[in-house]
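Presented below is the structure to which this report refers.
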Amino acid sequence: MTATSPSLFRRLRGRALGLAVAGAALAVAAPVVVTGAAGQADAAADPASALKFTAAERKDALAYWTPARMKAVGRSVDLGPSGPKAKPWQGPKLKTVGRLFFVNSGGADTWCTATAVKSANRSAVMTAAHCVRRGSSPVNTNIDMVFVPGYHKGKAPHGVFPVRQAITPRAWETDSTDDMATLVVAPDKNGKKLTDVVGARAVAFDRPVGGTVSALGYSATRPQRGESLLRCVGTAKKEHGTQVIPCDMSGGSSGGPWFADFDASTGRGTLISVNSALDSLEPTKMYGEVFGSLAKKVYERAQNA
């Protein structure tokens with residue numbers, strides 16, 4: 001459910017990546033059948049998988065994602081009109097929510113949505129695993145990843161933070177299950193850590209499904225085209241082993257936060273999941289993982305990295 005530019009390609013640097021078809025990628029939810037005993041054994045031995053970026057790769061990422069390129073990727077993708085369930089966010093500026101830009105495993109510029117969260121290293125960001133790598137394909141990883149908190153209409157008011165580690169469940173890498181990730185970003189150009197600059201949202205694990213949820217994302221639907229936030233509000237219910245709310249955001253909103261106890265007057269809430277998948281190509285539902293013990297292990301690995 002990333003939003004991908006089919007026209008902006010580049011040579012992949014320094015990392016062996018598999019092939020992918022460029023285009024507007026949409027994840028459509030369905031019951032998951034898990035196969036592969038070897039993959040399950042690996043996941044049991046080490047439930048988290050880390051993708052690391054060197055200092056040189058982070059420097060390249062910062063140089064690559066110019067303001068002009070950030071604007072261009074949104075203009076190049078049009079997933080149709082924004083639906084009636086997703087409303088433009090008109091509350092206070094959300095410094096902790098931002099756009100996650102990267103080059104996908106097929107070589108195309110694209111983006112997701114992500115959120116700065118409370119962490120021991122003051123550098124953690126939560127998003128979807130499919131914003132880091134393809135499911136069931138360990139070699140198909142994304143590169144040149146940068147997080148832009150508070151992104152709005154071409155502006156990066158709080159700076160740009162390159163990703164130095166991306167932690168996903170190994171179950172996603174091997175079996176396309178548990179679509180969540182925690183990223184660790186490097187300090188900004190002034191040496192400041194992310195949550196020292198923008199603050200952080202709390203994360204809840206093992207929370208019963210239910211209650212009112214606000215989901216946000218930089219959807220590639222028009223007129224926003226990833227330049228500003230949309231918000232869906234609904235009651236979370238269990239479905240397909242995940243949780244679901246009514247929502248018609250589309251590609252680009254992947255990884256966006258699900259907030260419980262959300263105060264629209266302050267923009268504060270507790271993160272309980274992230275946008276993962278749609279029910280169809282003309283969406284009416286948004287799915288998110290239920291954050292349990294595995295999600296907590298991924299988060300713990302990242303916050304201490």
Side-chain angles (χ1 to χ4, degrees), residues 1 27 29 32 47-48 85-87 89 91 94-98 100 112-120 124-132 147 149 167-169 171-172 177-183 195 198-219 229-249 253-279 283 285-303:
M1 205 174 60
V32 176
K85 293 181 176 66
K87 307 294 185 182
W89 171 247
L94 300 180
K95 297 193 296 183
T96 56
V97 181
L100 177 69
C112 279
T113 306
T115 307
V117 295
K118 292 182 178 179
S119 58
V125 177
M126 295 195 80
T127 189
H130 74 261
C131 298
V132 174
F147 177 58
I167 316 294
T168 63
W172 176 260
T177 61
D178 299 286
D179 187 14
M180 60 77 60
T182 308
L183 315 180
T195 64
V198 301
R201 299 278 72 87
V203 187
F205 300 95
D206 299 313
R207 178 184 181 274
V209 174
T212 301
V213 171
S214 286
L216 295 120
Y218 289 94
S219 181
L229 281 169
L230 291 175
R231 176 194 178 204
C232 290
V233 181
T235 300
K237 298 180 180 179
K238 290 184 178 180
E239 190 171 315
H240 297 329
T242 63
Q243 52 186 328
V244 62
I245 59 170
C247 189
D248 48 18
M249 287 191 289
S253 65
S254 289
W258 286 32
F259 287 130
D261 304 319
F262 186 70
D263 185 340
S265 67
T266 63
R268 294 177 180 172
T270 299
L271 191 142
I272 62 165
S273 189
V274 296
N275 296 327
S276 174
L278 309 173
D279 60 331
K285 298 178 182 179
M286 179 74 76
Y287 292 87
E289 301 289 350
V290 179
F291 282 1
S293 60
L294 177 57
K296 188 173 183 179
K297 288 176 181 177
V298 170
Y299 164 80
E300 293 287 358
R301 174 78 67 87
Q303 79 156 339

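Numbering starts at 1 and runs along the sequence shown.
- With hydrogens and angles disregarded, a donor-acceptor distance shorter than 3.5 Å links the side chain of Thr113 to the backbone of Tyr218.
- Distance check, rounded to the nearest 0.5 Å: CE of Met180 to SG of Cys131 gives 12.0 Å.
- If you take CG on Leu230 and OG on Ser253, they are separated by 8.5 Å, rounding to the nearest 0.5 Å.
- Here the side chains of Leu183 and Phe147 are not in contact, with every heavy-atom distance at 4.5 Å or above.
- Residue Tyr287 is tested with Val244, Asp179, Ile245 for a side-chain contact (heavy atoms from CB on, under 4.5 Å); the sole match is Val244.
- Within the structure, salt bridge (charged side-chain N to carboxylate O under 4.0 Å, His left out) pairs that include any residue of residues 233-245 comprise Glu239-Lys285 (at least two apart or interchain).
- Annotation: the span from Thr127 atom OG1 to Leu100 atom CG amounts to 5.5 Å, rounded to 0.5 Å.
- Between atom SG of residue Cys232 and atom CG of residue Asn275 there is a gap of 8.0 Å, rounded to the nearest 0.5 Å.
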List, one per line, each side-chain donor-acceptor pair under 3.5 Å for residues 264-273, sequence neighbours excluded.
unit_1 : atom_1 : unit_2 : atom_2 : d
Ser265 : OG     : Asp263 : OD1    : 2.5
Ser265 : OG     : Asp263 : OD2    : 3.4
Thr266 : OG1    : Asp263 : O      : 3.4
Thr266 : OG1    : Arg268 : N      : 3.3
Ser273 : OG     : Glu289 : N      : 3.1
Ser273 : OG     : Glu289 : O      : 2.6

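- Ring orientation note: the planes of Trp172 and His130 are tilted relative to one another, at an angle of 30° to 60°.
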ask   = Do Trp89 and Phe259 pass the ring pair (Phe, Tyr, Trp, His ring centres under 6.0 Å) test, and can you show the C-alpha distance, the side-chain angles, and the key distance before you say yes or no?
value = CA-CA 14 Å; Trp89 171 247; Phe259 287 130; 9.4 Å; no

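- Rounded to the nearest 0.5 Å, atoms CG (Asp279) and NE2 (His240) are 8.5 Å apart.
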task = Go through the steps to decide whether Ile167 and Val298 satisfy the test side-chain contact (heavy atoms from CB on, under 4.5 Å), and finish with yes or no.
result = CA-CA 6 Å; Ile167 316 294; Val298 170; 3.8 Å; yes

key: Stepwise ring pair (Phe, Tyr, Trp, His ring centres under 6.0 Å) test for Phe291 and Tyr299   = CA-CA 10 Å; Phe291 282 1; Tyr299 164 80; 9.2 Å; no

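- Atom OG of residue Ser254 and atom CE of residue Met249 lie 9.5 Å apart, to the nearest 0.5 angstrom.
- Applying the side chain to side chain donor-acceptor pair (under 3.5 Å) criterion to Arg301, with sequence neighbours excluded, gives Asp46.
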